[in-house]
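The block underneath contains the structure these notes are about, expressed in structure tokens.
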Amino acid sequence: MQEETARSAIDTFISAFNASEDSYVTALLSQALTSDVVFWGPLGRSEGIAAVERFVLDIRRHPAGTGTMVRSSAVDMPDEWARYQWVFTTPGGGPRLTGTDVVHLRRSLIDQVIVFAGEPEASAS
């Protein structure tokens, strides 16, 4: 049951990237995130839904065109932390980005998001 709740919050979060209108982004994020969400993204740490909304809107306005964000793995959830992989693809075979997010849930909502974009480099042995 807990994993289903996490999957629902995660999928609602991802749907904000694919909203038909920018005006729907805030409502979708409000359904998935706590108001005091801590977001660790590519540009550092930020707090609150408004900060996450700015990030989502920036991604939606990608120079290569409006892309599509999808969850590309199952949700793996040991206790209150969950992780999943995602793929962002721009139109016409444009840039493609992959990554893994780790999220923490509190009362069925995401209160922390840690974004790992790209694949980790192999270690030199």
Between A6 and L105, the two heavy atoms sitting closest are CA-CD2, 3.7 Å
Residue pairs passing the salt bridge (charged side-chain N to carboxylate O under 4.0 Å, His left out) test with at least one member in residues 37-51, sequence neighbours excluded, are R45-E47
Across all chains, not counting sequence neighbours, the side-chain contact (heavy atoms from CB on, under 4.5 Å) partners of A50 are R54
Residues R60 and T66: closest non-hydrogen pair is O-OG1, 3.5 Å
- Query: Any sub-3.5 Å donor-acceptor pair from Q2's side-chain atoms to D79's backbone N or O?
  - Reply: yes
OG of S30 to CD of E53, rounded to nearest 0.5 Å, is 8.0 Å
Applying salt bridge (Lys or Arg N to Asp or Glu O under 4.0 Å) to R61 and not counting sequence neighbours gives D22
By side-chain contact (heavy atoms from CB on, under 4.5 Å), A16 pairs with (sequence neighbours left out) V25, L28, L29, V56
Return all side-chain donor-acceptor pairs below 3.5 angstrom for residues 109-116, not counting sequence neighbours, or 'none' if the list is empty.
{"residue": "D111", "atom": "OD1", "partner": "H104", "partner atom": "ND1", "Å": "2.7"}
{"residue": "D111", "atom": "OD2", "partner": "H104", "partner atom": "ND1", "Å": "3.4"}
{"residue": "D111", "atom": "OD2", "partner": "R106", "partner atom": "NH1", "Å": "3.1"}

Residues at least two apart in sequence or cross-chain that pass side-chain contact (heavy atoms from CB on, under 4.5 Å) with D58, listed by chain then number, are none
Taken in chain and number order and not counting sequence neighbours, the residues that satisfy side-chain contact (heavy atoms from CB on, under 4.5 Å) with A74 are none
Here the salt bridge (charged side-chain N to carboxylate O under 4.0 Å, His left out) pairs for residues 67-78, sequence neighbours left out, are D11-R71, D76-R83
Nearest heavy-atom approach of Y84 to V103 is CE2-CG1, 4.1 Å
query: Would I10 end up clustered with V38 when hydrophobic side chains under 4.5 Å apart are linked, directly or stepwise?
result: no
Correct closest heavy-atom pair for Q31 and T12 would be CB-CG2, 3.9 Å
A9 and S108 have their tightest heavy-atom pair at CB-O, 3.9 Å
If hydrophobic clusters are built from ILVMFWY residues whose side chains come within less than 4.5 Å, do V102 and M77 share one? no
For F39, the ring-ring contact (aromatic ring centres under 6.0 Å, His included) test, sequence neighbours excluded, returns F55
Between T100 and W86 the two heavy atoms that sit nearest each other are N-NE1, 3.5 Å
With sequence neighbours left out, the residues meeting ring-ring contact (aromatic ring centres under 6.0 Å, His included) with W40 are none
Those residues at least two apart in sequence (or on a different chain) that pass side chain to side chain donor-acceptor pair (under 3.5 Å) with T34 are D36
Residue set satisfying side chain to side chain donor-acceptor pair (under 3.5 Å) with S15, at least two apart, ordered chain then number -> none
